[in-house]
Amino acid sequence: MTIEPMKFSHVDRVAQIEKMVYRYPWTRHAFAGEVVDNSFASYYVAVEDDEVVGYAGIWIILDEAHVTNLAVCPTRQNRGVGQMLLYHLIKVAREKGALRMTLEVRFSNRKAQDLYKKFGFVSCGVRPNYYRDEDAMIMWLEDLQRGHGFEDAEGQP
């Protein structure tokens with residue numbers, strides 16, 4: 001499996017996965033805009049056997065990175081794809097000088113919360129009505145430049 005920068009040619013597959021995973025998915029147009037027009041955005045895809053199986057994105061504004069999306073095709077979940085994508089986002093954010101990283105996650109999405117906690121994110125608040133049908137938990141990873149114990153000797157999660 002490889003992690004590659006998202007290209008416009010990946011947008012259709014990414015939008016497909018988004019529809020499979022989320023109740024209120026981003027549109028194809030939204031992803032295309034992120035890849036083509038948003039200078040703050042960095043998006044990546046996980047590719048296995050020439051197929052996009054997951055994707056993740058961040059916005060880096062000043063010294064903060066904000067995880068915008070992270071999703072894995074349902075048939076490829078629980079195989080470490082999400083871990084690889086999150087690790088890559090953290091690595092990119094560090095390289096671009098971000099000092100801390102944040103994200104929002106549904107309170108009902110325990111699997112995602114567990115992944116984020118494994119990487120050192122902690123719950124720091126609530127965004128009421130962030131999703132159409134649910135509040136969001138705000139999570140932060142402080143001191144991004146410091147290792148958080150999730151890397152092994154090869155720098156992999």
Side-chain angles (χ1 to χ4, degrees), residues 1 3-6 14-15 17-27 29-35 37-46 52-74 76-157:
M1 184 171 324
I3 306 294
E4 305 170 8
M6 187 187 296
V14 165
I17 294 170
E18 177 86 356
K19 286 180 186 174
M20 287 188 258
V21 173
Y22 294 115
R23 206 172 308 153
Y24 300 105
W26 280 27
T27 65
H29 180 74
F31 283 109
E34 290 292 284
V35 172
D37 295 325
N38 188 343
S39 63
F40 297 110
S42 297
Y43 278 76
Y44 300 90
V45 291
V52 173
V53 297
Y55 60 91
I58 52 173
W59 293 341
I60 299 177
I61 302 171
L62 301 175
D63 63 353
E64 291 184 357
H66 186 119
V67 177
T68 56
N69 307 80
L70 193 154
V72 175
C73 180
R76 304 293 173 87
Q77 291 179 359
N78 302 312
R79 296 183 187 178
V81 179
Q83 277 191 173
M84 286 180 64
L85 285 163
L86 184 56
Y87 177 79
H88 191 78
L89 291 182
I90 291 169
K91 181 180 167 199
V92 167
R94 283 178 174 164
E95 289 168 358
K96 293 187 176 200
L99 302 178
R100 43 192 274 185
M101 183 178 264
T102 188
L103 57 83
E104 291 86 12
V105 61
R106 286 178 175 274
F107 274 92
S108 61
N109 193 344
R110 301 271 189 224
K111 189 167 27 170
Q113 291 171 37
D114 289 345
L115 172 64
Y116 302 137
K117 287 176 186 174
K118 181 177 181 177
F119 280 78
F121 284 84
V122 294
S123 176
C124 294
V126 176
R127 284 203 203 288
N129 304 311
Y130 185 77
Y131 301 101
R132 292 180 191 177
D133 59 347
E134 189 174 351
D135 296 343
M137 175 187 298
I138 304 166
M139 299 185 82
W140 281 94
L141 177 59
E142 298 288 346
D143 195 9
L144 194 59
Q145 296 298 321
R146 179 178 62 85
H148 289 274
F150 55 79
E151 301 102 336
D152 68 16
E154 286 78 44
Q156 294 297 313

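Since the model is a prediction, treat every value here as computed from it, not as a measurement.
Contact between Val21 and Gln77 at its shortest, heavy atoms only, is CG2-NE2, 4.2 Å. The shortest heavy-atom contact between Ala112 and Val105 is CB-CG2, 3.8 Å. Taking all atoms of both residues into account, the shortest heavy-atom contact from Leu85 to Ala71 is CD1-O, 4.2 Å. Across all their heavy atoms, Tyr55 and Met6 have their closest contact at CB-CE, 3.9 Å. Of all non-hydrogen atoms in Ala93 and Ile60, the two that sit nearest each other are CA-CD1, 3.8 Å.
Going from atom CE of Met137 over to atom CG of Leu103 covers 10.0 Å, rounded to the nearest 0.5 Å. Between the CG atom in Asn109 and the CD atom in Glu134 there is a gap of 8.5 Å [rounded to 0.5 Å]. Rounding to the nearest 0.5 Å gives a distance of 11.5 Å between OG1 of Thr102 and CG of Leu144. Between atom SG of residue Cys124 and atom CE of residue Met139 there is a gap of 8.0 Å, rounded to the nearest 0.5 Å.
Side-chain contact check for Phe40 versus His66: every heavy-atom pair is 4.5 Å or farther apart. Under the 4.5 Å side-chain criterion, counting only non-hydrogen atoms from C-beta, Met1 is in contact with Met84. No side-chain heavy atom of Asp135 sits under 4.5 Å from any side-chain heavy atom of Tyr130. Using a 4.5 Å heavy-atom cutoff, the side chains of Trp140 and Glu64 are in contact. Residues Tyr44 and Glu4 have side chains not in contact (no heavy-atom distance under 4.5 Å, counting atoms from C-beta outward). Within the 4.5 Å cutoff, side-chain heavy atoms of Ile58 are placed close to those of Val92. Counting heavy atoms from C-beta on, the side chains of Lys111 and Leu115 never come closer than 4.5 Å. A 4.5 Å side-chain heavy-atom check between Ser42 and Lys96 finds at least one atom pair inside the cut-off.
The environment of Trp59 atom CH2 is sparse: at most 12 non-hydrogen atoms of other residues, nucleotides or ligands sit within 6.0 angstrom. In the displayed structure, Ile61 atom CD1 is contacted under 6.0 Å by more than 12 heavy atoms of other residues, nucleotides or ligands.
Here the side chain of Arg127 pairs no donor or acceptor atom with the backbone of Glu104 at under 3.5 angstrom. At distances below 3.5 Å, not a single donor-acceptor pair connects side-chain atoms of Asn69 with backbone N or O atoms of Ala56.
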What verdict does the side-chain contact (heavy atoms from CB on, under 4.5 Å) test give for Leu70 and Tyr116, after you've listed the backbone C-alpha separation in whole Å, the side-chain angles of each residue and the deciding distance to 0.1 Å? CA-CA 11 Å; Leu70 193 154; Tyr116 302 137; 4.1 Å; yes
Intermediate values then yes/no, side chain to side chain donor-acceptor pair (under 3.5 Å), Lys117 and Ser123: CA-CA 9 Å; Lys117 287 176 186 174; Ser123 176; over 6 Å; no
Passes side-chain contact (heavy atoms from CB on, under 4.5 Å), Phe121 versus Gln113? Steps please. CA-CA 9 Å; Phe121 284 84; Gln113 291 171 37; over 6 Å; no
For a side-chain contact (heavy atoms from CB on, under 4.5 Å) check, start with the C-alpha distance between Val72 and Val53, then their side-chain angles and the critical distance, and finish with the verdict. CA-CA 6 Å; Val72 175; Val53 297; 5.5 Å; no
Take Leu141 and Ile90 through the test side-chain contact (heavy atoms from CB on, under 4.5 Å) and record every step on the way to the result. CA-CA 10 Å; Leu141 177 59; Ile90 291 169; 3.9 Å; yes
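Below 30°, between 30° and 60°, or above 60°: for Tyr87 and Phe119 the angle between ring planes is between 30° and 60°, a tilted geometry. Taking the six-membered ring where the residue is Trp, Tyr43 and Phe31 present perpendicular rings, their angle passing 60° and hence far from 30°.
Stacking of Arg23 on the aromatic ring of Tyr131 is not recorded, the 6.0 Å distance cut-off and the 45° axial limit not both being met.
Listed by chain and residue number, nothing satisfies the side-chain hydrogen bond (donor to acceptor under 3.5 Å, both in side chains) test with Lys19 (two or more places apart in sequence, or in another chain).
A salt bridge does not link Arg100 to Asp63: none of the charged side-chain nitrogens sits closer than 4.0 Å to a carboxylate oxygen.
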